[in-house]
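Both counts, for ligands and for their atoms, begin at 1 and track the order of listing.
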Amino acid sequence: MSEWKPVVGLEIHAELMTESKMFSACPVVDSVEAEPNTAVDAVSLGLPGTLPVINQRAMEFGLMVGLALNCTIPPVNQFARKSYFYPDLPKGYQISQYDRPLAVNGWVDIDVTPETGDPYTKRIRIRRAHLEEDTGKLTHVGSESLVDYNRAGVPLLEIVTEPDINSAEEAEAFGRKLRAILQYLGVNNGDMSKGVLRMEPNISVLHRTDTAFRTRTEVKNLNSIRNVFRAIKAETERQIKLYLGGGTVKQATLGWDEGKQKLVIQRYKETADEYRYFPEPDLPIVEMSREWVEQVRLSLPELPDVKRERFETAFGLSHYDATVLCMDRAVAQYFEDALAAGAAPKSAANWMLGSLFSLMNRDGVERDAVGTARVSAAALAELVKLVDGGQINKGTGATVLTEMWETGAGAAAIVAEKGLAQVSDSGALAAVVAQVLDENAAMVTDYLGGKDKLFGALMGMCMKALKGKGNPQIVTDLLKQQIDARRSG
Ligand code: ADP
Ligand code: MG
């Protein structure tokens, strides 16, 4: 296996969150939720005699992405007709960009955590990003097919990488990073399950001794980054097996069958010639004013890498913690909101990455949804302050957070109602410790005889007797003192 490695280039289609379609004032609606064919007009249906007009906001969103991906923005870009016949494409051609795309030659740095070995950073080159329009949608019901044109004409940005990705893990890291960038820019919500964002890997394998790339296949219909990962693993294995068996790989388009968790061949691929690309005669060539490009560059929001740097340097978070917090805009926002509500940065990060995320995982709440979950950032801050201020200990904090998560009640209210406040009064604690030691004299003797592990057990018994509310530091100190006293006594 190690003689071979995957070679992957990704093609990403991102619908742009504009109010109207790419070439007309027709509104854009949620194409999964909306009644079919309620957001269509003469232009998006391609009726004879209609003329397209470029949506400036879509051009601006595309430009933002191009700049965020470190691309060069050529002085002009141009639309082209890509001809093919399909019932969801009413004009018989798609308006796209071909030899003069909006953005070229960019890059994205990714953080990869491989299955074995150390984490590393890698630069993936972006070949191009261009604007086009989305197609409608077909639904097959028995022997009939239904078509919904709500999505026809929705602005779409196609982003194409160089074949720089060499593992499923790298593809996953790239997918997450790109999705984060799109979300930070506010141009796409990253929802792959609804097809708003689609990622199609082109996959080949390279033998250690190869001097040129081999034939690739392309996988469509992947509705999650996890499935991009799975498809690359499966397709790499299939291709290696074919070569080892003396066969060859045929250029093809494959689909991912979610139910069977396997790849199925859809069609053998067409080439660019078959699309009969030619310049779109109904639209002008677009000249990108340098001032506009620079103005948009200056107005870009803080992007994931810069935010992560700031979280590391300003708050002393580890590279890993900062990376996880910045991977979703909603998570980073939640963290910053918790700080604004008075939580200490490191504590807020620990509570989020630990207890809060595990409650979210337990109940299947997506990271994106953290801001709308039961425990608000301000509510988390209240809990963090109670723990950091010593009013409750960490163990109690975890219990309180679970209660907050399940009931929506506030931290202080739960602590008051259940009498969970931490006991730091040495007199009261000393009495409990003494009683535990009296009742477990044999364990104390064994501990003093060298069974060091028993200290933890005695500590656990003290905390249990205190219903978990004892100040752990004070209890530890008292326990040490009193055991010592018994040693000499
Ligand atoms: P086309 O113009 O036919 O779409 P491209 O050469 O532009 O094909 O490549 C499309 C995508 O496939 C790009 O993401 C590119 O990086 C990737 N790619 C190209 N060649 C290979 C290969 N041999 N193996 C894997 N991916 C490839
Ligand atoms: Mg292509």
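Under the 6.0 Å distance and 45° angle rule, Lys91 counts as a cation-pi partner of Tyr93. Remark: Arg226 qualifies as a cation-pi partner of Phe229 under the 6.0 Å distance and 45° angle criteria applied to the six-membered ring.
Side chains of Lys194 and Asn189: no donor on one and acceptor on the other come within 3.5 Å. With no hydrogens or angles considered, a side-chain donor-acceptor pair links Glu235 and Gln239 at under 3.5 Å.
Ion pair Lys220/Glu218 flagged as a salt bridge, since at least one NZ, NE, NH1 or NH2 atom sits closer than 4.0 Å to an Asp/Glu carboxylate oxygen. Salt-bridge check for Arg297 with Glu294: passed, with a basic side-chain N closer than 4.0 Å to an acidic carboxylate O.
Every atom of ligand 1 is numbered from 1 in the order shown, and the set under 4.0 Å from a heavy atom of Phe213 is 23 (N). Those atoms of ligand 1 with a heavy atom of Pro163 less than 4.0 angstrom away are 16 (O), 26 (N), 27 (C). Ligand-side atoms of ligand 1 in range of Ser204: 22 (C), 23 (N), 24 (N), 25 (C), range being under 4.0 angstrom from any heavy atom. When each atom of ligand 1 is checked for a heavy atom of Val7 under 4.0 Å away, the hits are 24 (N), 25 (C). Atoms of ligand 1 found under 4.0 Å from any heavy atom of Glu11, numbered from 1 in the order shown, are 10 (C), 11 (C). The ligand atoms of ligand 1 that sit less than 4.0 angstrom from a heavy atom of Gly9 are 14 (O), 16 (O), 17 (C), 26 (N).
Only the backbone of Leu10 comes within 4.0 Å of ligand 1, counting heavy atoms alone; no side-chain atom from C-beta on gets that close.
In this comparison of Arg214, Gln251, Glu218, Arg216, the heavy atom closest to atom 1 (P) of ligand 1 sits on Arg216. Of the candidates Glu162, Arg127, Glu200, the one placing a heavy atom closest to atom 9 (O) of ligand 1 is Arg127. Selection from Thr161, Ile12, Val160, Ile124 by nearest heavy atom to atom 15 (C) of ligand 1 gives Thr161.
For Asp282 against Pro52, the heavy-atom pair with the smallest separation is CB-CD, 3.7 Å.
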